[in-house]
Amino acid sequence: MMSSISSFVLSKPSLLNSIILARRLFAVWYTRDAADIVRDRAKLPAVKALEGSAECRAIDPAYALRDSLSCNNHFGYQSTSKVYPLAYAWSRTADFSAPLITDAIPSERMPSAKEFDVPMVTLIDHINEGVSGHLGLIHGGMTTVIAHSSMSLVAALNAPGTQIVPKTLNMDYRRPIRTGHFVKIHAWLYEKSRIPASAQGAPDAAVMKAAVHFYNLRDELLVEAVSDILVSNRS
């Protein structure tokens with residue numbers, strides 16, 4: 001009996017190593033070619049709707065963030081597939097009840113067209129196996145990176161050339177985000193407040209309140225988050 005227990009205990013590291021190796025091999029095999037991702041993405045009804053909308057315009061997220069001193073890994077996880085997400089900026093005259101599932105959003109947290117020129121951005125992103133935490137599921141920390149990046153993007157569009165730093169970030173995971181699939185991400189701003197110079201040391205510092213929702217292509221809510229984003233001049 002003791003020998004069988006010892007044999008089991010000794011075999012556990014080998015079993016664990018085998019599982020880790022199998023996961024890595026699966027990730028290499030499963031990671032799709034960038035050209036395939038781009039081709040399939042262009043066929044999505046969600047992309048066609050955004051491209052045909054008069055209420056939003058396509059933007060380059062990397063270009064929009066070029067002057068912002070925010071976290072350095074904005075959308076950097078996409079290096080595994082070499083495909084940046086498609087990004088669209090919504091005008092302040094847009095009807096936000098159309099793209100957003102408003103039943104899950106308090107009225108006071110809807111995008112604010114009064115305070116922001118670009119109240120919301122939408123991204124269509126492909127989540128590949130290179131960012132998995134468990135096999136077939138995105139790593140929770142990577143979800144946080146995407147949420148922060150998306151909210152920082154909409155903040156950067158409204159305050160170009162500023163330093164953007166999250167003060168708070170609260171995540172609510174509703175459903176698993178599966179790798180190998182596309183997701184639709186809406187990030188928006190709903191409130192802005194100034195910080196007195198005596199408290200911050202800079203007269204034009206502000207806090208923007210942001211929110212983000214992740215949906216699958218069946219419009220099921222996967223993740224939601226809210227954040228207070230500090231926006232200030234470069235120090």
Side-chain angles (χ1 to χ4, degrees), residues 53 55-76 85 87-123 125 141 143-173 184-215 221 223-235:
S53 174
E55 297 184 319
C56 64
R57 56 183 173 87
I59 60 170
D60 179 352
Y63 180 79
L65 287 160
R66 71 195 186 284
D67 292 329
S68 296
L69 294 175
S70 192
C71 73
N72 293 325
N73 58 350
H74 281 296
F75 308 112
Y88 301 85
W90 292 80
S91 70
R92 65 195 315 168
T93 59
D95 177 12
F96 299 107
S97 64
L100 292 173
I101 300 175
T102 56
D103 291 347
I105 305 171
S107 58
E108 66 273 13
R109 201 181 289 170
M110 287 291 290
S112 175
K114 294 181 179 179
E115 296 189 86
F116 303 104
D117 291 331
V118 182
M120 186 173 79
V121 296
T122 295
L123 299 101
D125 207 353
T143 308
T144 302
V145 170
I146 301 173
H148 164 59
S149 298
S150 302
M151 290 186 284
S152 292
L153 173 60
V154 69
L157 290 170
N158 287 276
T162 58
Q163 183 174 13
I164 297 171
V165 180
K167 293 183 65 180
T168 63
L169 178 61
N170 297 313
M171 304 285 295
D172 187 357
Y173 298 86
K184 181 168 54 177
I185 303 165
H186 298 302
W188 67 91
L189 302 171
Y190 60 92
E191 187 179 316
K192 179 170 66 176
S193 58
R194 297 289 179 183
I195 298 179
S198 58
Q200 177 62 26
D204 53 356
V207 172
M208 296 181 179
K209 291 187 176 294
V212 64
H213 279 191
F214 291 59
Y215 297 94
L221 182 59
V223 173
E224 61 178 322
V226 293
S227 178
D228 287 350
I229 299 175
L230 177 64
V231 178
S232 61
N233 281 339
R234 300 170 186 260
S235 56

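All figures in this text were calculated on a predicted structure; none of them were measured in a lab.
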Let me see the working for His213 and Trp188 under side chain to side chain contact (heavy atoms under 4.5 Å, CB included), right down to the final yes or no.
CA-CA 9 Å; His213 279 191; Trp188 67 91; 3.8 Å; yes
Pair Asn158-Leu189, side chain to side chain contact (heavy atoms under 4.5 Å, CB included): steps then yes or no
CA-CA 9 Å; Asn158 287 276; Leu189 302 171; 3.5 Å; yes
Side chain to side chain contact (heavy atoms under 4.5 Å, CB included) assessment of Leu153 paired with Leu123
CA-CA 10 Å; Leu153 173 60; Leu123 299 101; 4.3 Å; yes
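With sequence neighbours excluded, the residues that form a side chain to side chain donor-acceptor pair (under 3.5 Å) with Thr122 are Trp90, His186. Every residue meeting the side-chain contact (heavy atoms from CB on, under 4.5 Å) condition with Lys167, not counting sequence neighbours, appears here in chain and number order: Val207, Asp228, Leu230. Legend: residues meeting salt bridge (Lys or Arg N to Asp or Glu O under 4.0 Å) with Arg92, ordered by chain and number and at least two apart, are Asp117. In this view, Ser193 satisfies the side chain to side chain donor-acceptor pair (under 3.5 Å) rule with no residue, not counting sequence neighbours. When the side chain to side chain donor-acceptor pair (under 3.5 Å) test is applied to Ser53, no partner is found at least two apart in sequence or on another chain. With sequence neighbours excluded, the residues satisfying side chain to side chain donor-acceptor pair (under 3.5 Å) with Lys184 are Asp219.
The shortest heavy-atom contact between Tyr190 and Met110 is CB-O, 3.1 Å. Nearest heavy atoms, Met151 versus Val154: O-CG1, 3.1 Å. Closest of all the heavy-atom pairs between Ile164 and Ala155 is CD1-C, 4.0 Å. Among all heavy-atom pairs drawn from Glu115 and Glu191, the shortest one is OE2-CA, 3.5 Å. The minimum heavy-atom distance linking Val121 with Ser150 is given by the pair CG2-O, 4.0 Å. Residues Asp95 and Ser97 share a closest heavy-atom pair of OD1-OG, 2.5 Å.
Side-chain atoms of Ile59 and Leu157, non-hydrogen and from C-beta on, do get closer than 4.5 Å to each other. Here the side chains of Leu100 and Met120 are in contact, with some heavy-atom distance below 4.5 Å. Two residues are said to be in side-chain contact when any heavy atoms from C-beta on lie closer than 4.5 Å; Ile195 and Ser232 fail this criterion. Within the 4.5 Å cutoff, the side chain of Ile105 has no heavy atoms near those of the Glu224 side chain. In this structure, the side chains of Tyr215 and Leu221 come closer than 4.5 Å at one or more pairs of heavy atoms. Put simply, the side chain of Met171 reaches to within 4.5 Å of the side chain of Thr144, judged on heavy atoms.
Rounding to the nearest 0.5 Å places CD of Glu55 at 15.0 Å from OH of Tyr88. To the nearest 0.5 Å, atom CG of residue Asp172 and atom CZ of residue Phe214 are 12.0 Å apart.
Remark: side-chain polar atoms of Ser91 are not paired, donor with acceptor, to backbone N or O of Cys56 under 3.5 angstrom.
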